[in-house]
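Letters go in sequence order (proteins before strands), and every chain restarts at 1.
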2 protein chains.
Amino acid sequence: MGAPLTDQRARNKQATREAITQAALQLAIEFGPNGLALVRVHDIASAAGVSPRTYNNYFSSREEAICGLHADQSKRAGEALRARPADEPLGVALTEAMVELFTDPEPDRAGLRMIMLTPELEGEALKAFTVGETSLAEAIGERTGQDGLCSEVTAAAVVAAIRVAGKTWLTPAANRPFADVIRQALGCVLRG
Amino acid sequence: MGAPLTDQRARNKQATREAITQAALQLAIEFGPNGLALVRVHDIASAAGVSPRTYNNYFSSREEAICGLHADQSKRAGEALRARPADEPLGVALTEAMVELFTDPEPDRAGLRMIMLTPELEGEALKAFTVGETSLAEAIGERTGQDGLCSEVTAAAVVAAIRVAGKTWLTPAANRPFADVIRQALGCVLRG
DNA sequence: GCACTTGATGCGTGACACGCAAGTTCTCTG
DNA sequence: CAGAGAACTTGCGTGTCACGCATCAAGTGC
């Protein structure tokens, strides 16, 4: 983990991980939210070009594999905020950071729909969102110097707002850019 | 479900559910966060006085059973808010409703610690918290008449704040009443 | 090149979710 | 108050899966 990216091993490992998550998500989408139980571990593994045993060296459940990509994205929340200019007000910086993080590229509707609207995936989807809270809270703390609790609460609230925004964006009624929904949702909780 | 509470069956069913969740949580605490895999379904079922088959008519995983009590509590978030006087400002009503809901009785430290700090339980614990969001969002909507999205975001933010408050309350450093932590945490997100 | 670390794979085992089909307990209606 | 009918529990059988252990291959540093 701490090894530099130039390490061939780390590259292979990351490549394997991504191959598995992408294969898992792809298969889940094909089978649909209802037939998720039909997605066999064996199929995911062979689609990713690894053995079933290797698959579960990386993930201990189908759900975890399917949500892996989204989890990796969430983990970048902290660095997304740090990339904003330091003189920007916190609310603006947070909003723009989240917009950039979650709309570059614009998320795949089918994938997000699968992750967020499949009951069996609910737990893992929540985990995938919340893994970003820690790094985001740290980044907020650095920027504002405010209380640790308050940073964490703010980070958690932002992540929760993004999650609600995602759910809203998925409803057929509101077909507008994800960025708009994110801005509106964050506007409901950020007034500082 | 829709049947009146006078229905003997509903009472039995609820009693069975609670027996299973309490047995599951109890055993999980005894085995500790590290030995969670050692808790057998058979043990939970016999501790609750039902067959293993019945156990999984109610829950489809150990994790779900262990977090069941907490999930039931979260579901009462909506009615907790409705119980507050209608002329109270939203922020105060929300805060006091959550304080009442989550400190009556004061939560069991061992149980909450088990649920929130065991990695294998993370997904289910998050689910247990978020199940309350829907009813809370509805209650907020009724009270304020504000936008649906905004109600949901506020509800999600409140629940997230409670979760952070719980984690903070669990740290040995801050041994003060849970109610205090909740008030402080909610103060970070509620300014309306 | 050569010893060493790390990841991939096959096999075997124990546990579990769930469908199915009785058996049992409670409810409702005539 | 009695019998039809619904709801819940339970035992059994099956397919799937997570994971420990041992082995093999690929990559790294001296």
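In this entry the distance linking CZ of A:R11 with P of D:dT28 reads 11 Å, nearest Å. The separation between A:L36 atom CG and C:dA17 atom P is 16 Å, rounded to whole Å. Taking atom CD on A:E120 and atom C1' on C:dC18, their separation rounds to 13 Å, with Å as the unit. Atom-to-atom, CD1 of B:I44 to P of C:dA15 comes out at 14 Å; the value is rounded to the nearest Å. Taking atom CG of B:N57 as the reference point, atom P of C:dC16 lies 16 Å away to the nearest angstrom.
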Might you work through the side-chain contact (heavy atoms from CB on, under 4.5 Å) test for B:R17 and B:F59, ending with a clear yes or no? CA-CA 9 Å; B:R17 179 183 164 89; B:F59 303 98; 3.5 Å; yes
Where do B:N56 and B:V41 land on the side-chain contact (heavy atoms from CB on, under 4.5 Å) test, with the steps shown first? CA-CA 9 Å; B:N56 102 306; B:V41 166; 6.0 Å; no
Which is it for A:E64 and A:K127 under the salt bridge (Lys or Arg N to Asp or Glu O under 4.0 Å) test, yes or no, and what are the steps along the way? CA-CA 9 Å; A:E64 198 179 338; A:K127 263 177 73 174; 5.3 Å; no
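Separation of atoms CZ (B:R163) and OG1 (B:T168) is listed at 11.0 Å; rounding is to 0.5 Å.
Contact check, B:K13 against D:dC8: a side-chain N or O comes under 4.0 Å of OP1 or OP2. In terms of phosphate contacts, A:Y58 brings no side-chain nitrogen or oxygen within less than 4.0 Å of OP1 or OP2 of C:dG7. Remark: B:T54 is not in phosphate contact with D:dC8, judged by side-chain N or O atoms under 4.0 Å from OP1 or OP2.
Remark: B:E120 pairs with no residue by the salt bridge (charged side-chain N to carboxylate O under 4.0 Å, His left out) rule, at least two apart or across chains.
The main-chain N or O of A:A65 is never found under 3.5 Å from a side-chain atom of A:Y58 such that the two would form a donor-acceptor pair. Listed for the B:R84 side chain is no donor-acceptor partner under 3.5 Å among the backbone atoms of B:L90.
Ion pair B:E142/B:R82 flagged as a salt bridge, since at least one NZ, NE, NH1 or NH2 atom sits closer than 4.0 Å to an Asp/Glu carboxylate oxygen.
For the helix from C:dG1-D:dC30 to C:dG30-D:dC1, the rotation axes defined at the first and last 5 base pairs enclose an angle of 40°, given to the nearest 10°.
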Nucleotide by nucleotide, 5' to 3', does protein get under 4.0 Å of the base (B), only the sugar-phosphate (S), or neither (-) in nucleotides 13-20 of chain D, counting heavy atoms? ---SSSBB
